[in-house]
Asks: 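Provided herewith is a single structure, encoded as structure tokens, for subsequent inquiry.
Basis for what follows: all heavy atoms, side chains included, without hydrogens, waters or symmetry-related copies. Letters A, B, ... mirror the listed sequences (proteins, then strands); counts begin at 1. All figures in this text were calculated on a predicted structure; none of them were measured in a lab.
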There are 2 protein chains.
Amino acid sequence: MDSRPIGVFDSGLGGLTAVKKLIQLLPNEDIVYLGDTGRVPYGSRSRETIVKYAREDTAFLLSQNVKAVVVACNTASAAAWREICAMSQEIPFYNVVTPASLAAASATQNGKIGVIGTVATVRSGAYERALALTGKARAVIQVAAPLLVPLVENGRTSPDDVVVSTIVREYVEPIVRAGADAVILGCTHYPLLRAALARAFGGDVALIDSAACTAETLARDFTANGQTGSALPGTRRYFVTDSTEGFSEMASRFLESDLTGEIAQISLEEAPEIKHKLGG
Amino acid sequence: MDSRPIGVFDSGLGGLTAVKKLIQLLPNEDIVYLGDTGRVPYGSRSRETIVKYAREDTAFLLSQNVKAVVVACNTASAAAWREICAMSQEIPFYNVVTPASLAAASATQNGKIGVIGTVATVRSGAYERALALTGKARAVIQVAAPLLVPLVENGRTSPDDVVVSTIVREYVEPIVRAGADAVILGCTHYPLLRAALARAFGGDVALIDSAACTAETLARDFTANGQTGSALPGTRRYFVTDSTEGFSEMASRFLESDLTGEIAQISLEEAPEIKHKLGG
């Protein structure tokens, strides 16, 4: 038994879809979530900046004495994984790329796998490498879809919205044309567009939710290894780098339930315990 | 004569539309531009975070020995003006809100003025206050238009794009319904959508470019006061907080010409001269 909390971070609030799944699978775990809302989005920034921000996020979670770090952010998982893992040898790190790639490899029949992600995720080539390692991917069709996050953040997710359907159709067109039968939703915002994506892909394409796959992997590992926590219901603490105002409302959209737990704002640049972890 | 450079900052690259106008009007001036590309956008963040970032941007320009600071960012102009001005008594500061409000007051016949801006700009009420001071505004209709910046940043500006026309039409509808005859484009990205906006508003509405108005005001002041620089063509230096990769290409879109001048990446959080200006 290990009663320390599980740490989860994302650039914004999309990683709460991983928290939702973790709460379902491991209701007794304490969870510390960090959303870098003062600097979101990451997906349009350079690798160098993504690494810097991801290291600060990780340092914060390490300062909270977590027993694992879940990098719920696809962009950070894809572009900064090596640098994140180098920050501690003592706890396990989970990215979203590997579990989603394994799930896609299981789901595909024809070996053609699509990936939708941010500009930085696609540029990193991380999904291509992870899918190649599964030995099941004959072709990987990657598409950068930079407008999907703004759509979700502005509450535009309905498949009947002409703006949503037009943009989604444009993005997925190369994947549909290639005949992929499994598609990785390589950003924690995209599951909120599932209905629009399903309509654009047609019924026979498996849509892989990267955050959910990661939560499942962690839950399996922790249960198998006896690393789960107490028998009491877990508590949750949510930290953000911008104001906490409006956080509950937006967070509830991703959690698909009311948010309970402490909410606080922190400064990643100034906290001494973070500087210490970064060796500064 | 004052040979120091003019400082201009924006959250990202939109403020280059102000630089473009300054170069036209005052070709001999040296210009230092700062785009906080590592933390763009500002318009969806809290006032507290906008103030923090805007003060760091201003501190950087002050460290460059500028003779004026142009706050080309509408969000910072609207939400952090008082805090920015408090940073120096020695040089003039220019925001985009006042010049655009004066221009709208001159343009309107019926006293009904529309304002399109970011969430933070609209929330601040800065345009309402500035327009009230002109004595010409009988009604101010404000609309927050959070999807316009992502559209422009992804190169979607054509009025024939159904995504652009649908979103623009939705946003401007309350302004059209109210019968406004002058509309302030309260974000430096919006002039790139001028064709789509003009079509949605119809021909008789004056569209006010806030950055261009500000450049004109500064040029008039500096010429009148003999504060212009040398008789030689001015030089330009561009600073960004994310990688400089891809900067020239994106910047050329806003400058509507090839970019010439030095380009460099800086870190606002770590530079000692900035900490000094912030009193840290």
Asks: Side chain, backbone, both or neither: which part of A:Val40 has a heavy atom under 4.5 Å from chain B?
Replies: both
Asks: Is the count of non-hydrogen atoms from other residues, nucleotides or ligands lying under 6.0 Å from B:Glu249 atom CD greater than 12?
Replies: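 No, because the 6.0 Å sphere around CD of B:Glu249 holds 12 heavy atoms or fewer from other groups.
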Asks: Of the non-hydrogen atoms in B:Asn154 and A:Pro146, which two are nearest, and what is the gap between them?
Replies: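 Closest approach of B:Asn154 to A:Pro146: OD1-CG, 3.0 Å.
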Asks: Go through the steps for A:Thr37 and B:Arg45 under the test side-chain contact (heavy atoms from CB on, under 4.5 Å), then give the verdict.
Replies: CA-CA 8 Å; A:Thr37 52; B:Arg45 309 203 194 279; 5.8 Å; no
Asks: Pick from A:Pro150, A:Ser243, A:Gly38: which one has the most heavy-atom pairs with chain B under 4.5 Å?
Replies: A:Gly38
Asks: Sort B:Glu153 into side chain, backbone, both or neither according to what part of it lies under 4.5 angstrom from a heavy atom of chain A.
Replies: neither
Asks: Below 4.5 Å from any heavy atom of chain B, which atoms of A:Tyr53 appear? Answer side chain, backbone, both or neither.
Replies: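 Looking at A:Tyr53, just its side chain touches chain B.
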Asks: Is the side chain of A:Arg39 donor-acceptor paired with the backbone N or O of B:Arg39 at a distance under 3.5 Å, no angle test?
Replies: no
Asks: Report which part of A:Arg47 has an atom under 4.5 Å of a heavy atom belonging to chain B: side chain, backbone, both, or neither.
Replies: neither
Asks: Among B:Thr166, B:Val162, B:Val164, which residue meets the side chain to side chain contact (heavy atoms under 4.5 Å, CB included) test with A:Val163?
Replies: B:Thr166
Asks: Taking the side chain as everything from C-beta on, heavy atoms only, tell me whether A:Glu48 gets closer than 4.5 Å to B:Asp242.
Replies: no
Asks: Under 4.5 Å from any heavy atom of chain B, what part of A:Glu245 do you find: side chain, backbone, both or neither?
Replies: neither
